[in-house]
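Have a look at the structure below, then the notes.
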Amino acid sequence: MVNDKIDIRNLNVWFRDNHVLKDVSFKIRENAVTAIMGPSGCGKTTLIRAINRMNDLIYGCRTSGDVYIDGHNIYDGNINVYELRRKVGMVFQKPNPFPKSIYENVAFGPRIHKVASGRELDEIVERSLREAALWDEVKDRLHDNAFNLSGGQQQRLCIARALAVKPEIILMDEPCSALDPAATAKIEALIRRLSKKYTVIVVTHNLQQAARISDFTAFLYMGKLIEYGDTKSVFENPHSELTEKYITGKFG
Amino acid sequence: MHRSIPTLRAILAMSLLFIVGVASGYYVNPLLSPPTVVWEEDSAWRTDGISISGSTTVLPIANACAIAFMNKYTGTSITISGGGSGRGYSEVIDGVVDIGMASRPPKQEEIDDAREKGAALWLYPIALDGVCVVVHPSVNETLRLTLQEVAKIFAGIYTRWSEVKPGLPDEPIYVVVREPGSGTRGTFEEFVMKPYGYSVTDAAHVQPSNPAIRTMIETTPYSIGYIGFGFITPNMVVVALAEEEGKPYIYPTTENIASFKYPISRYLYLVTSTRPESGSLTDRFIDFVLSPEGQEIVEEQGFLKLPKYPSGY
Amino acid sequence: MSGQTGERVIFAILGVPMLICMLIFSWILSLLLTGIGSVRWELLTVSALQGGMFEMIVGTIYLLLGATAIAGPVGILAAIYLVEYAPSRGLTRIIDQAINNLAGVPSIVIGLFGYTFFCRHLRLGVSLTAGWLTLALMMLPIIIRGSEEALRMVPASFKEAALALGATRWKAISSTTLPAAAPGVVTSVILGIARVAGETAAILFTSCVLITRGLPRSPLEPVMALSYNLFVKIVALGTPAQKVFGVALVLFMIVTSLSLSAILLRIHYRKGQPWLMIR
Amino acid sequence: MNLESFLKSLHKLFMRLKSQPVEFILFFCASFSIVILLLMFLFVVKEGSLAFVRLGVQLIFGQRWETNSDLYGGFPLVYGSLMVVSGALVISVPLGICTSIFIAEVLPFQLRDPVKSIIELLASIPSVIYGFIGATFLAPLIASIFELHSGATALTASLILAIMVLPTIVGVSGETISAVPRDYKEAALALGASKWQIIRNVVLPFSKSGMLASVMLGFGRAIGETVAVLMVAGNVAMVPTPPWNYLAPVYPVTAVIAMQMGEAAVGSLEYSALFGLGSILFIITFVVNTIADVIVRRGPVTRGVQL
């Protein structure tokens with residue numbers, strides 16, 4: 001059975017006088033990979049940061065409209081933002097592990113939420129690293145500094161870190177843009193695998209990548225949602241002329 | 001991007017501003033002093049300038065006198081800076097200033113230094129500084145103490161009058177002192193407390209001025225304090241002091257203070273390196289301080305004027 | 001929800017110190033403002049011989065202008081060298097260290113140095129010039145630090161663009177980097193002035209006198225200054241506070257308006273320079 | 001760097017400077033600070049040498065400072081300085097660090113600049129004004145609270161000093177907090193960390209060395225402060241009894257120099273002793289500044305250091 005996990009309604013975001021997202025509305029399917037693509041500066045990152053309210057932290061940012069997750073409006077006054085962010089994990093463009101050991105990186109989330117300690121924590125770390133397909137590579141050096149890992153490993157570590165707090169949704173902001181093709185392939189495979197358990201939203205400007213990994217694709221242009229549908233139909237049979245131009249490489 | 005170097009321009013502007021500022025100073029300066037009057041007997045000192053530095057105790061006298069002098073003789077310029085007695089002597093000897101201020105006679109090294117550099121120190125006493133120890137009449141009608149006894153009282157070692165001397169009332173001593181920083185307190189502590197290494201007890205009651213001490217002593221039984229000579233009234237008992245056991249007990253009188261028989265007394269001096277030329281501004285200024293008008297200012301500043309104007313210097 | 005209440009408590013604990021800081025500031029301000037009524041403003045233009053403070057105000061300005069004229073160019077040029085030229089990291093590091101240490105030298109020690117070196121060794125005596133040099137030493141590190149920061153904030157691409165067009169190094173820097181950094185440089189100079197405007201310990205032995213007639217006629221004469229006057233009157237002469245309130249207030253206003261203008265200038269220009277907004 | 005290569009690089013530098021007049025002028029200006037610092041050390045120590053030779057360690061450890069009897073024992077003075085400064089730091093360090101955290105992490109954006117500016121203004125108020133305020137308002141207040149005869153005590157001096165070094169501490173530790181990479185904060189935020197958890201787990205570990213440096217700098221500023229301290233410390237050259245009695249007057253080193261420099265005849269033992277104190281002060285601040293510098297450099301700039 002298929003469900004809608006996230007329901008975005010008339011979302012508008014401004015940075016100071018700059019209207020970045022204009023009236024975006026669409027629904028995101030549960031346990032699937034949704035790709036958001038579009039040329040640089042079209043508001044992709046802003047859109048996913050609106051889903052876990054990370055935009056709140058940027059000075060001069062205003063938001064209107066609603067985002068429902070499991071039927072709860074996250075822009076309601078009484079929502080607990082920290083609970084929300086725990087439920088909606090995020091992976092960033094550049095791998096950003098903390099300057100701590102591999103173990104401590106993954107344990108960071110469970111620790112601050114005080115959900116586990118001791119053996120239990122060890123288990124969570126192991127489970128998360130396995131899920132992120134990193135366990136075999138690092139199991140013997142869990143207490144090494146995370147910066148000793150390669151870029152691709154660092155990014156998978158960041159994914160493991162996000163998984164450790166048991167999120168339901170994972171937002172990925174161009175997770176492969178700083179990686180080489182081999183590492184990219186690993187991450188892409190990982191994303192496919194994760195979509196069985198999690199709702200994954202990936203921002204990308206790489207068309208092939210969107211086509212390869214996503215079940216659904218949204219196309220943003222100048223802050224507006226131009227097209228949204230299942231990936232196959234968007235790529236093979238776009239409704240909008242803009243989408244077609246973008247896909248065929250006429251601009252962007 | 002063809003804006004040429006605003007930083008250099010800013011530097012230029014700054015220097016220009018600076019030059020304008022200094023130039024305007026030249027312009028403003030004459031405005032500050034009233035137009036020059038043609039004097040009947042014109043002499044060089046009327047447009048001359050001298051500088052004075054030294055003791056901070058003498059500073060208020062010199063400051064007030066200089067202001068009065070410059071307002072009277074509008075062509076003159078007297079520059080005064082503080083420092084201390086040591087600075088006063090050394091700068092007079094080195095010829096950096098024309099007149100030094102000192103609250104003590106020169107030390108041997110300073111005399112040696114002066115001789116070495118060919119300067120003869122001329123000391124002009126301009127005021128007397130004598131500090132009188134006074135008690136409330138309830139203590140005794142006459143009281144004689146050695147400096148050490150006074151020191152012990154002010155240090156809080158004696159806490160009851162009966163401990164000081166047999167026959168005095170068995171009552172707690174009520175110590176009154178001036179605020180730290182006061183010249184009177186400084187003199188008192190230098191002559192009475194420091195030689196014995198004592199410091200004033202925490203239990204002392206601090207009063208901000210001579211009149212305040214006067215009122216305090218007059219109204220508080222069993223009190224003791226110190227006060228400028230000019231502030232003594234019949235309602236208090238002045239204590240006769242001896243430098244140590246066996247030496248005579250001296251009352252503070254004008255003569256005793258002027259002759260330094262009274263232990264807590266000193267002159268305040270103006271110092272020059274040679275005998276000032278008669279008719280020079282240095283000479284005129286010292287004359288002014290010693291004149292009745294100048295001595296009036298000495299009293300206003302809370303010091304004792306000289307008993308009779310010394311003429312032998 | 002209980003987590004959020006706990007957080008509020010912690011923030012309250014963190015916030016109280018900030019409120020204390022604000023309170024201290026408003027307390028100081030209110031103390032100085034309560035005395036404003038008792039100050040006779042006509043004294044600003046009256047000579048010190050008549051109890052005014054005209055010469056002290058002008059004297060203070062003299063000291064500041066001269067010190068700025070010395071420390072400004074030297075400081076700015078030093079900053080340019082450090083940012084744009086300095087060849088070896090080792091040398092830059094040593095100069096950097098020296099500047100930091102110079103900034104940390106207590107003003108009284110600078111005053112001692114000024115007295116032995118400028119007044120006695122260079123035979124300048126207690127004079128305006130000695131005061132300029134001493135104050136310039138105090139301003140120097142502030143100006144270098146501030147200008148350095150301003151210069152570093154200008155993207156290297158500006159300069160490179162000019163270099164690519166065939167400009168010499170100095171030409172490239174002076175025509176692109178410097179104009180872009182100018183507001184920051186000027187701010188640092190003003191901050192330097194503000195820092196020394198109220199300085200007492202450094203000019204205590206080097207350039208000030210309590211009273212003299214009029215303004216200095218040459219740079220080798222001593223000068224009257226607000227801070228010195230306030231200090232001597234309270235400490236040495238024991239003048240009651242009410243009588244020197246005017247001096248204190250004028251000094252406060254001069255210094256505060258200087259630093260306020262520097263702060264406002266900085267905020268204004270940071271907003272006006274788009275390349276500073278990118279982090 | 002060994003001597004030979006140092007000389008070689010120095011030679012290279014000179015060759016470069018010779019060919020480029022502009023660079024030569026700039027280099028001259030830049031090296032000015034080093035020259036001044038050396039001169040300063042040289043002259044202050046030179047003037048103090050007589051005291052160092054004649055008094056030796058007595059200048060630091062001697063118990064009595066009595067100009068009248070030519071006794072120059074700096075211990076009560078150094079003790080007074082340290083007492084006043086530690087009192088000031090005990091007050092201002094927690095205040096300053098909490099304030100800087102609060103401004104950088106909690107305060108709404110619009111308020112940050114105004115609040116920072118106000119604290120910066122506190123830094124620029126001349127010390128003679130602080131002294132004036134301390135002597136006319138704070139000292140009487142202290143006197144009446146603790147029922148003392150005079151409010152000129154170590155406590156008063158500590159309070160005034162605390163206010164004076166507060167901006168330094170807030171400023172420098174604020175700078176290091178704003179240097180915490182946004183990456184780390186966002187990563188923690190995305191994991192659902194609350195603001196306090198970010199402060200504790202990301203900001204504090206990252207900026208603790210900078211905060212330590214700010215404390216060192218505050219110490220350096222406080223121990224060198226002269227005029228304000230002189231006006232409120234009471235100036236009695238004795239170690240208070242008991243030694244931790246903050247309600248007793250003290251006579252910090254800087255105050256002694258400022259008060260007695262004028263008194264001292266040039267070339268006398270007193271004059272030299274004052275310069276001796278000055279060079280001790282110079283060395284203390286030099287060491288403290290250098291340590292602070294090292295801490296700052298070692299601090300948050302390097303990525304990948306175990307926190």
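No experiment lies behind these values; they were computed from the predicted model shown. Just so it is clear: chains get the letters A, B, ... in the order the sequence lines come, proteins before strands, and each one is counted from 1.
Rounding to the nearest 0.5 Å gives a distance of 11.0 Å between CD1 of D/Ile119 and CD1 of C/Ile263. In this structure, CD on D/Glu47 lies 10.0 Å from NE2 on C/His121, to the nearest 0.5 angstrom. Considering CG of C/Leu191 and OG of D/Ser124, their distance stands at 8.5 Å, rounded to 0.5 Å. Here the CG atom belonging to D/Asn289 is positioned 13.0 Å from the CD1 atom belonging to C/Ile99, to the nearest 0.5 angstrom.
Note: C/Leu31 leads C/Leu230, C/Thr200, C/Leu258, C/Leu31 in heavy-atom pairs under 4.5 Å with chain D. Comparing D/Leu274, D/Ile163, D/Val288 by heavy-atom pairs within less than 4.5 Å of chain C, the highest count is held by D/Ile163. The candidate with the highest count of non-hydrogen atom pairs below 4.5 Å against chain D, out of C/Val74, C/Asn101, C/Val247, is C/Asn101. Most heavy-atom pairs under 4.5 Å with chain D, from the set C/Leu82, C/Leu264, C/Val244, C/Leu137: that is C/Leu137. Top candidate by heavy-atom pairs under 4.5 Å with chain D, chosen from C/Arg120, C/Glu84, C/Arg195, is C/Arg120. Heavy-atom pairs under 4.5 Å with chain C were tallied for D/Phe282, D/Phe286, D/Phe43; the largest tally goes to D/Phe43. Contacts with chain C were tallied for D/Ile103, D/Ile129, D/Leu281; D/Ile129 has the most, counting heavy-atom pairs under 4.5 Å. Considering only heavy-atom pairs separated by less than 4.5 Å from chain C, the leading option among D/Ala135, D/Gly220, D/Ala258 is D/Ala258. Note: D/Leu122 leads D/Leu122, D/Thr136, D/Val44 in heavy-atom pairs under 4.5 Å with chain C. Between chain D and the residues C/Ile144, C/Asn100, C/Val16, C/Leu29, the most heavy-atom pairs under 4.5 angstrom are made by C/Asn100.
The two atoms that bring D/Ala30 and C/Ile95 nearest to each other are O-CG2, 3.5 Å, heavy atoms only. Taking every heavy atom of both residues into account, D/Val128 and C/Gly198 meet most closely at CG1-O, 4.0 Å. In terms of heavy-atom proximity, D/Phe102 sits nearest to C/Phe11 at CE1-O, 3.3 Å. Contact record, D/Ser33 with C/Leu140: OG-CD2, 4.5 Å, taken as the closest heavy-atom pair. The minimum heavy-atom distance between C/Leu77 and D/Cys29, with the atom names listed, is CB-SG, 3.7 Å.
Between C/Tyr81 and D/Ile25 there is no side-chain heavy-atom pair separated by less than 4.5 Å. Between D/Lys46 and C/Thr116, the closest side-chain pair of non-hydrogen atoms is not below 4.5 Å. D/Cys98 places none of its side-chain heavy atoms less than 4.5 Å from the side chain of C/Ile13. At a threshold of 4.5 Å between non-hydrogen side-chain atoms, the residues D/Ile36 and C/Phe117 do not count as touching. Looking only at side-chain heavy atoms (C-beta outward), C/Leu14 and D/Ile199 come within less than 4.5 Å of each other.
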Working for side chain to side chain contact (heavy atoms under 4.5 Å, CB included), residues D/Leu166 and C/Cys21: CA-CA 8 Å; D/Leu166 204 55; C/Cys21 291; 3.3 Å; yes
Stepwise side chain to side chain contact (heavy atoms under 4.5 Å, CB included) check, D/Asp293 with C/Asp96: CA-CA 10 Å; D/Asp293 222 49; C/Asp96 248 23; 5.9 Å; no
Full working for side chain to side chain contact (heavy atoms under 4.5 Å, CB included) between C/Gln97 and D/Ile34: CA-CA 9 Å; C/Gln97 186 85 49; D/Ile34 302 180; over 6 Å; no
Criterion side chain to side chain contact (heavy atoms under 4.5 Å, CB included) on C/Val255 and D/Ile125, from CA distance to verdict: CA-CA 7 Å; C/Val255 176; D/Ile125 298 176; over 6 Å; no
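Looking at D/Ile118, both its backbone and its side chain come within 4.5 Å of chain C, counting heavy atoms on both sides. Heavy atoms closer than 4.5 Å to chain C are found in the side chain of D/Thr226, but not in its backbone. In this structure, chain C has a heavy atom under 4.5 Å from the side chain of D/Leu107, while its backbone stays farther away. Looking at D/Phe219, there are no atoms closer than 4.5 Å to chain C (heavy atoms on both sides), in backbone or side chain. Both the backbone and the side chain of D/Leu95 come within contact range of chain C, judged by heavy atoms closer than 4.5 Å. Heavy-atom distances place the side chain of C/Ile20, and not its backbone, under 4.5 Å from chain D. Of the atoms belonging to D/Ser279, not a single heavy atom falls under 4.5 Å from chain C. There is no contact between D/Leu42 and chain C, counting heavy-atom distances below 4.5 Å. Contacts between D/Leu277 and chain C at a heavy-atom distance below 4.5 Å are absent for every atom of the residue. The parts of C/Phe25 that come within reach of chain D are both its backbone and its side chain, each placing non-hydrogen atoms under 4.5 angstrom from that chain. Only the side chain of D/Tyr130 comes within contact range of chain C, with at least one heavy atom under 4.5 Å from a heavy atom of that chain. Contact annotation for D/Lys195: both backbone and side-chain heavy atoms come within less than 4.5 Å of a heavy atom of chain C.
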All N/O donor-acceptor pairs, side-chain side in residues 102-115 of chain C, below 3.5 Å, sequence neighbours left out:
{"unit_1": "C/Ser107", "atom_1": "OG", "unit_2": "C/Glu199", "atom_2": "OE2", "d": "3.2"}

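Aromatic pair D/Phe132/C/Phe245: centroids less than 6.0 angstrom apart.
Other residues, nucleotides and ligands contribute at most 12 non-hydrogen atoms within 6.0 Å of the CZ atom of D/Phe28.
Taking the side chain to side chain donor-acceptor pair (under 3.5 Å) definition, one finds that D/Lys185 meets it with D/Glu105, sequence neighbours left out.
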